[in-house]
Amino acid sequence: MLLIKCPYCQEDRPEIEFSYSGEAHIARPLNPDDLSDEEWAEYLFIRSNRRGLHHERWLHAHGCARFFNALRDTVSDKFELTYKMGEPKAQVKK
Amino acid sequence: MKYSALSLLTNAFSGHKKWPLQWPDATPKKSYDVIIVGGGGHGLGAAYYLARKHGITNVAVIEKGWLGGGNTGRNTTIIRSNYLYDESARIYDHAVDLWDGLSQEINYNVMFSKRGVLMLAHSVHDVQSFQRHIHANRLNGVDNNWLSAEEAKAFCPPLNISKDARYPILGAALQQRAGTARHDSVAWGYARAAAALGVDIIQNCAVTGIKRGANGAVEGVETERGFIGAKKIGVSAAGNSSVLMEMAGLRFPLESYPLQALVSEPVKPVMPCVVMSNSVHAYISQSDKGELVIGAGTDQYVSYSQRGALHIIEETLASICEIFPLFKRMRMLRSWGGVVDVTPDRSPILGKTPVPGLFVNCGWGTGGFKATPGAADLLAHTIAKDQPHPINAPYNLERFTGGRLIDEAAAAAVAH
Ligand SMILES: Cc1cc2nc3c(=O)[nH]c(=O)nc-3n(C[C@H](O)[C@H](O)[C@H](O)COP(=O)(O)OP(=O)(O)OC[C@H]3O[C@@H](n4cnc5c(N)ncnc54)[C@H](O)[C@@H]3O)c2cc1C
Ligand SMILES: [Zn+2]
C-alpha cells in the first residue's frame, strides 16, 4: 500500500484513505461546441500512460476530501511530490 | 519432433534427459518480412498463424524478457465468451472455437478444460444484468444459462448459498463451454510450432525504438541488439503498449494498471469449475496441481511496477472466505502482479494504426488470455492482408473518435 502525503493535511497517510482520479492537468474544454471529433477523443480518451514520471490527481476521500495533484514514478510507484490544486504543473527534471 | 505417447515412452528409457530443445534461440537477422514485438501468447500465436495460414515465414518475435514472462504467465487463465455485445460475442467465440482444437493443431497439450464458468449474482442488479447477457448470448449462439442458487450449489458444492451470507447468491450464469487452460503451454506451444515453420524467436531483446522512413511508414525496430529491419511490425505488448506506440509517435487511449493473482497450497480436487464474482472482485478455480488460483481486481493507479497492494488481495480473500467458508483455513503460497492495458470501453484495439506498416493488438486489459488464439489469428490476418478481418474490423482505433465504442465496461463493470 502506498503512503501518500496530502498537501492540504500535510501528513503521510495510507493509500486506502485516497482515491485515484486519473491523469492530471487535462482541462475540460471551454468551447465544447467548437471541438472536432479528434479533439473530443483526445480530451475524453487519450492518456499519456507514461512509464516513468506521471502527473496524476488524487482525492483525499476519507480525509479532507480535497483533490490534489501528484508526480509519481509509475515504475517504482514512488511519489516525487504532491501539490495543491491550482499550483503550476510540476516540472519533470531530466 | 512430434510429441506422442510413443515419444514419451522412448524418452522414459533415457530418463527424460534426451529431449531436444523445443525451439532454437535465434540470433537476429538484418531484416524480416514481419516483426512481432512481444513474446506473450498473442504475439507468438500471431507469428505461428502468419507462417501456418498465410505462408509468411520470414518472421521474428522479439521479446524483452522471457517467453510468457508477461501477462501470459501471470493470469488466472479463465476462458469464456459470454460478453454482451455482438462484436464481443464474435471475437471471443472465435477464440473459444480455436481453443477447442489447439492442443492437436500445435501438438502441445494446452490443457484446455471446459469445466464451466459460473458467474455469481449477488443483487437484483446482477440478476437483471446477467439475464440480459444470457438473452443477448443466446441470440448470438453463445452458450450461457441461468441457474438458481440451488442449481448453482449443485453444480459447485463448496458455494455458500445461505440467505444470511454477507454476499447472498441469488443465482448464477453458467457458460458450460468455458473453462481454463495452462498458460505456459500456450506460449511454449505456439513458440515451438512457429519455430518449426521457420519463425525466429528472439528473447532478452527489448525493442527501444520504432524507425519510420520519410513517407512515415515503418522501416524496422531499434533493439538492445541493434537495428532490425521490417516493412511490417505487429505490436502485441500488453501492458507496455502505450510505450511502444509512443516510439512510433502515437498516443493511445490506454491506461496500464496492476492486476494481482495468488495461489494457495495444493489440496485434493474440491472446485469443479471456475467461479467468478464480478461485484466482489473475486475469481477462483483449482489448478490441476491442486492449488486454488485466485484473481483480484486492479489497483486504482497507473503503474508498470508489476506489483500491487496487499489490501487489494486481502479484500479478495475476505470475499472468497465469505462465499466459500470451507477455504478459511487454507494458506496462500504465492502472489504476484501483472500490468494490464485497459481501454476506456474495456474492449481491445486490434488492427491497423495511422502509421503505415504498423499493426497493433492491445487493450485486452484484465481479460485477454481467453482471446489468445483468436487475437493471434486476427492479428496475423490483418498483417498478412493489410486489412482487418470482419471479426476485428470493429476493434479499430478510430472508434474512439467516431464514437462507436464496444462498451463492455458499462455492460460488466469488471471483465475477466
Ligand atoms: C493477474 C492477472 C490475471 C488475469 N486473469 C485473466 C483471466 O483469468 N482470463 C483472461 O482471459 N485474461 C486474464 N488476464 C489478462 C491476460 O493475461 C492478458 O490480457 C493477456 O495475457 C495479454 O496477452 P499477451 O500474450 O499479449 O501479453 P503478455 O504475455 O504480457 O505479452 C506481452 C509481451 O510483450 C513484452 N514486451 C513489452 N515491452 C516490450 C519491448 N519494449 N520490447 C520487447 N518486448 C516487450 C513483454 O515482456 C511481454 O512478454 C489476467 C492478467 C493478470 C495480470
Ligand atoms: Zn487531506
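Order of the sequence lines fixes the chain letters, A, B, ..., with proteins taken first and strands second; residue numbering starts at 1 for each chain.
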Between [X] and chain B, with a heavy-atom cut-off of 4.5 Å, which part of the residue counts as in contact: side chain, backbone, both or neither?
X: Ser36(A); answer: neither
X: Leu2(A); answer: side chain
X: Ser21(A); answer: neither

Parallel, tilted or perpendicular, as decided by the 30° and 60° cut-offs, for the rings of Tyr301(B) and Trp58(A):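 Tilted: the ring planes of Trp58(A) and Tyr301(B) meet at 30° to 60°.
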Which of Glu38(A), Glu56(A), His54(A), Arg72(A) touches chain B most, by non-hydrogen pairs under 4.5 Å: Arg72(A)
Evaluation steps, side-chain contact (heavy atoms from CB on, under 4.5 Å), between Phe45(A) and Leu405(B): CA-CA 11 Å; Phe45(A) 300 129; Leu405(B) 303 187; 3.9 Å; yes
Does [X] use its side chain to pair, donor to acceptor, with the backbone of [Y] at less than 3.5 Å?
X: Arg251(B); Y: Glu42(A); value: no
X: Gln300(B); Y: Tyr20(A); value: yes
X: Asp37(A); Y: Gly402(B); value: no

Any side-chain heavy-atom pair of Asn49(A) and Tyr304(B) under 4.5 Å: yes
Exceeds 12 heavy-atom contacts within 6.0 angstrom, atom NE2 of His125(B):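 Incorrect, the count does not exceed 12.
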Glu246(B) with Arg51(A): basic N within carboxylate O range, under 4.0 Å: no
Positions in residues 75-86 of chain A that reach chain B, provided some heavy atom is under 4.5 Å away: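 Counting heavy atoms that sit under 4.5 Å from chain B, the residues of residues 75-86 of chain A involved are Val75(A), Asp77(A).
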